[in-house]
Structures are given as structure tokens and as C-alpha cells.
Amino acid sequence: MANIKPINTARLEVPLTKEVAVTWQAPSNIALVKYWGKTGIQLPVNPSLSMTLSVACTITTVTALPRENEGPAEIDFYFDGKPEADFGNRIETYLNSIASYMPILNQVKLKIETHNTFPHSTGIASSASAFSALALCLCSLEAKLCNVLITEHEFRSKASYLARLGSGSACRSVLPGFALWGFTVSFPGSSDQLAVQTSDIHPDFYTLHDAILIVHDEKKKVSSSEGHNRMIGHPFAKARVKQANENVEKLLVALKSGDKKAFIQIVENEALTLHALMMTSKNGFMLMYPQTIDIINRIQQWRLQTGIDVCFTLDAGPNIHLMFFEKDFEQIQKLIVEELSLKIKQNRVIYDSCGKGPVNLA
Ligand code: PMV
């Protein structure tokens, strides 16, 4: 596999004299084949395949401001219009870690303003959309300030590479539809270092919906970083890597041919495997709640009763992602409103769907 490094390390030739701002809106994504376990510098131990969402997004504006001397990253960070020290510190560390790929980070001061289109504390991982939006802004800023001329493909590749260094799954959010991250023999051009587009998709799959049933919204007792760590020395680690490669291969075939039954089987297998790996790790832990299990059982039973193609997936948390096709929207909405949402606190559901990827707003 080629050792891909972000192309160009353009610098400002003359110091910046006026503010330059860029804005990107980037969506979150839901993994169908899960990334679980990492190695090296934020590299995945197995390939993953995700669907980019459309409603749950982060909108970020990055403004480059003149500064006196070159040095480590200097930032002012605002979340929802207010300074946010904790996340600001994480972003500063991140910017310093990627400065060798983007020298302007040592040459200008940055004002970063960000907000999410989805409510806080819904259990939706905001790091994927946040780092995707930020990486896209940084690449746009570099292109503007240094008159860099690169192709759209090169631009997305660099953004995906940089987003990955912020949060692994974020690298998939720079692409529309279905994105693959991690080298696998079944997809030429796939890479551990950045996500690639999978475009040979049956049109039905672009009509997929993801209704997120918020079972619980409190901070997780074990973070995903800790979860990834627990794969080191996990008794099933080798088998998991093999399974993920096979599931990616099978899912690519299903997505291409329009095989919904195979899609359902793989997606649910991945969700349950992810949680089984947590439970069977050293000092095993469980992120599902009784309601999660209750809803999963009802979804599987309802599918058998109705014959409608619907399935669930889970992130590293208790919330259910209910996946279904546009043509079945009315029946599924009835199921959600009349049954599933009544099983959860505050009946909170976020309706999302397969998305067209990030948008450059300014
Ligand atoms: O990107 P991270 O480090 O937050 O890990 C994400 C892990 C899962 O959401 C469980 C799976 C995935 O592929 O997104």
C-alpha cells in the first residue's frame, strides 16, 4: 500500500495583513462496519464503512488573523458563540500535531467558531462532524492564503487525512454517501490513512434513513478512546480483523447489487459485534441499557411480522440507529411514534438520512 502523505506544505510568502475567513458545514456519519481498535498514529486495525448523514452537522468558521512571529498554534475557540476552554485546548494540541503538514498554522493566528445543528447531549458523536468541518476549513484556508492549486480529489484526500488525525471516524465525514476507511484487499485504492469514496452503489441505498432513538444522553462511562485501547491484547482481536474485512467485502457487494437482506444481516452483525467486543474485553463493560435491548428485540420481531426491510445499528453507546428505506417511511414513523419512542425517556428521536457530504458555505 502506498504511504500517502498530505500533498504540499505551502507557506505564506509574505505575512498576512488582513483577516481571511472560510466556513464549512460537515455532517456526522454512522459506521455500518465499525472501526474498533487503533494502532500507530490514529490508524485503524480494521477497515470500516460508513454512511454520511445529512441533518447532524457541525458548522465551523475559521478566520486567519495576522500575527507577529511564527511559533506554535495560537487560537481563540468559540462553541455556540462562547469561549470553550476544554475543547479549545484539544484543538490547539491537534493543530500543533498537524502543523508539519500545514505550515500556515505556525504563521497565522486562528479564530475558530463552531456550532452543531443537533442538540447537545444526544449521544451523537460530534467529533466526526467537528474534525471534518475543521479540517476542510484548514485546507480551504491554506488554498486561499497560499494560492494552492489542487484538484478536488486531492483537496478531499488531504482534508480526510487531517480529519483522521483529530478523530478517526471524522475522516469518513468529508465524503458524501458511503465512505470506506482502512486498507482492505476487496477495495483497490483503500487506505489506512484516509477515507475513499465508494460510488458503485445501488440507488435504493441513497434513500436510506437513520432515525436515532435517544435511549440515554449522559456521558459514557467508558470513552471510545478507552474502548479502542481495550482491543489491544483482546482475545478475539485477530478474528475481529478478519470479520471486519469480510463484512466490508460483503457489504460492498450488497450495496452495489441492492441486496437489502444482506445489508441488514451485516449491519446488525457489526452492531452486536462491537458491543460484544466491549463486554468480552479485559474489565468488560456494557454500554447498552435495558431499553436498548428491548428496542432491538422489537425491531427484529417487527421485521419478521411485516417483512419490511428495517434494521438497527449502534455506536459506542446505548442509542439505537434505526435504518430503513424512504419507501417505508410512513410505516416506520408509525412504529417509532406509537411504540419505540414510548420505550425511551422523553421520547427523543432525531430523524436523519443518507447525506450528500460537506458544504463550503463561505
Ligand atoms: O472516531 P472515534 O475514535 O470516536 O471512534 C469511533 C468508533 C465507533 O463510532 C464505535 C465506530 C466507527 O467506526 O465510527
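Order of appearance sets the numbers: ligands from 1, and atoms from 1 within every ligand.
Every atom of ligand 1 is numbered from 1 in the order shown, and the set under 4.0 Å from a heavy atom of A31 is 12 (C), 13 (O), 14 (O). Every atom of ligand 1 with a heavy atom of S224 under 4.0 Å away is listed here by number and element: 4 (O). Ligand-side atoms of ligand 1 in range of A316: 10 (C), range being under 4.0 angstrom from any heavy atom. Contact atoms of ligand 1 toward D315: 8 (C), 9 (O), 10 (C) (distance under 4.0 Å to a heavy atom of the residue). Using a 4.0 Å cut-off to heavy atoms of G168, the atoms of ligand 1 that qualify are 1 (O).
By the neighbour-count criterion of 12 heavy atoms within 6.0 Å, atom CD1 of I41 is sparsely surrounded, having that number or fewer from other residues, nucleotides or ligands.
Grouping the Ile, Leu, Val, Met, Phe, Trp and Tyr side chains by contacts below 4.5 angstrom, directly or via other members, places I104 with L16.
Residues passing the side-chain hydrogen bond (donor to acceptor under 3.5 Å, both in side chains) test with E330: none are found, sequence neighbours excluded.
Heavy atoms of S169 found under 4.0 angstrom from ligand 1 belong to the backbone as well as the side chain. Residue R172 touches ligand 1 through its side chain alone, judged by heavy-atom distances below 4.0 Å.
Screening residues 277-287 for side-chain hydrogen bond (donor to acceptor under 3.5 Å, both in side chains) gives H234-T280 as the qualifying pairs, with residues at least two apart or on separate chains.
Between H115 and F79, a ring centre-to-centre spacing not shorter than 6.0 Å is recorded.
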| side-chain contact (heavy atoms from CB on, under 4.5 Å) between R298 and R303, worked out | CA-CA 8 Å; R298 182 59 186 130; R303 182 169 68 227; over 6 Å; no
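The N/O atoms of H228, backbone and side chain alike, include one that comes under 3.5 Å of an N/O atom in ligand 1. At under 3.5 Å, not a single nitrogen or oxygen of W36, backbone or side chain, sits near a nitrogen or oxygen of ligand 1.
With a 6.0 Å cutoff to the six-membered ring centre and a 45° limit on the axis angle, R164 counts as a cation-pi contact of Y161.
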